[in-house]
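Remarks on the structure that follows.
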Amino acid sequence: SVYLFVNFVLVLNYTFVILDSYSLGAVVGMSQSGSGRMVGNYMLGFCLGALSMWYIARRIPGLWKSSPRRVLLVGLTCQLIGSTVYANIASTSTRQALDTDYASIHFAVYMHMLGLKEGAPILAAFLMASRFVAGMGSGICQQFYVASTLHLTPVAERAEHTTRWVFSGMIAIGSGPMIAAGLESFNQCASFAPDFTPVGCAQVMSVLCAFAAVLLYHPNLEFVQDRMEKELVDDSTRSSLGLASRRIVLVCGCLVMGNLRAF
């Protein structure tokens, strides 16, 4: 349950920013394609985080049992850093937009003019970096969850757990923009000046909730039976070449899929 909640938060933060991506990108001086890269940068960071966690898990096979909280907290710390930087940029961009004399002109008419102000390129660079770092945290946590599930779950129950994991991600993908839209609806002046602060703060709050879930509810796995031990014995009778090929296909497939989502 803790892993499912953390997965929900990580995917939620991926889609939280979609509604504000174009307007926020314009305020910091990015083009339409730049706003798309800002969203996709999360999944590029995800790929690097997942690849790093895969390598660490191979080097330290017992990590899932000895330090599960520590690994999740490292990933969530990356998420918190990225979300906090994003929230600060959102707050700065909101003040920049509110300081402009809008009169009766809709924001979309001159949002690109705001992006020409001094200092916007720095904000754009930090915005991109914040999404990348947050994505790294997501990749670390989700790759660790996948590896841990193999050790914690009997073969007969893995399909059910995988279904729950995928379903929680699907709910989060749809919920992100909807929650952002709900938060934006409270802004009575949205037609004249955007307010990016609620979405930025919501990301930080969701990560803090995931922190609390891990610290308070993650069980001690020190004496948990390793469900992979029997499978390892069974696998010893199979062709090592066949197993290596399957592993390469799985790893490459996951990396390609993650990069396609970023694209």
Side-chain angles (χ1 to χ4, degrees), residues 1-25 27-28 30 35 37-46 48-49 69-98 122-142 144-145 168-169 171-187 190 193-218:
S1 298
V2 173
Y3 289 166
L4 288 178
F5 179 71
V6 171
N7 176 65
F8 177 85
V9 169
L10 298 175
V11 180
L12 187 72
N13 282 350
Y14 167 55
T15 60
F16 245 146
V17 304
I18 291 177
L19 198 64
D20 287 342
S21 61
Y22 180 75
S23 300
L24 179 58
V27 172
V28 300
M30 295 192 304
S35 67
R37 288 196 304 272
M38 187 265 285
V39 176
N41 243 21
Y42 189 94
M43 292 310 298
L44 288 178
F46 177 96
L48 179 60
R69 280 196 187 96
R70 189 176 303 173
V71 173
L72 292 176
L73 292 177
V74 168
L76 289 175
T77 298
C78 292
Q79 271 277 314
L80 185 61
I81 292 172
S83 298
T84 302
V85 173
Y86 181 95
N88 278 284
I89 295 173
S91 178
T92 301
S93 300
T94 299
R95 289 196 301 269
Q96 178 179 329
L98 292 175
I122 298 178
L123 287 181
F126 274 100
L127 182 62
M128 289 291 193
S130 72
R131 294 291 293 166
F132 187 84
V133 172
M136 281 187 61
S138 177
I140 290 171
C141 291
Q142 294 199 49
F144 181 74
Y145 167 81
S168 69
I171 294 296
I173 288 175
S175 299
M178 294 178 65
I179 295 174
L183 293 172
E184 195 167 295
S185 66
F186 290 103
N187 181 12
D195 187 359
F196 309 115
T197 307
V199 171
C201 293
Q203 289 186 74
V204 175
M205 293 301 298
S206 65
V207 177
L208 291 177
C209 289
F211 260 103
V214 172
L215 290 172
L216 297 176
Y217 298 110
H218 195 290

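In this chain, residues are counted from 1 in sequence order. Note that this is a predicted model, so its numbers are computed, not measured.
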Below 3.5 Å, can you tabulate the donor-acceptor pairs from side chains in residues 198-217 to any protein atom, sequence neighbours excluded?
unit_1, atom_1, unit_2, atom_2, d
Ser206, OG, Asn13, OD1, 3.1
Ser206, OG, Ala202, O, 3.4
Ser206, OG, Gln203, O, 2.7

Problem - Worked check of side-chain contact (heavy atoms from CB on, under 4.5 Å) between Leu10 and Val6 - result: CA-CA 6 Å; Leu10 298 175; Val6 171; 3.9 Å; yes
Practice task
Start with the C-alpha gap between Val28 and Phe126, add the side-chain angles, then the distance that decides, and say whether side-chain contact (heavy atoms from CB on, under 4.5 Å) holds.
Solution key: CA-CA 10 Å; Val28 300; Phe126 274 100; over 6 Å; no
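Heavy-atom minimum distance, Ser35 versus Ser21: CB-O, 3.2 Å. Residues Ala172 and Thr15 approach most closely at O-OG1, 3.4 Å, considering heavy atoms.
Rounded to the nearest 0.5 angstrom, Ile18 CD1 and Met38 CE are separated by 9.5 Å. Taking CG from Leu127 and CG from Asn41, the interatomic distance works out to 9.0 Å, rounded to the nearest 0.5 Å. Within the model, atoms CG of Leu48 and CD1 of Ile140 stand 8.0 Å from one another, a figure rounded to the nearest 0.5 Å. Separation of atoms OH (Tyr42) and CD (Gln79) is listed at 3.5 Å; rounding is to 0.5 Å. We find the OG1-CG distance between Thr94 and Asp195 to be 4.5 Å, quoted to the nearest 0.5 Å.
The side chain to side chain contact (heavy atoms under 4.5 Å, CB included) test applied to Ile179 returns Leu12, Phe16, Ser175, Leu183, not counting sequence neighbours. Residues that satisfy the side-chain hydrogen bond (donor to acceptor under 3.5 Å, both in side chains) test with Tyr145, not counting sequence neighbours, are absent from this structure. Partners of Asn7 according to the side-chain hydrogen bond (donor to acceptor under 3.5 Å, both in side chains) rule, which considers only residues two or more places apart in sequence or in another chain, are Trp165, Ser168.
For the side chain to side chain donor-acceptor pair (under 3.5 Å) condition, the pairs that include at least one residue of residues 125-139, sequence neighbours left out, are Ser138-Gln142.
Between the Thr92 side chain and the Asn88 main chain, a donor and an acceptor come within less than 3.5 Å of each other.
Shown here is Arg69, whose CZ atom has more than 12 heavy atoms of other residues, nucleotides or ligands within 6.0 Å.
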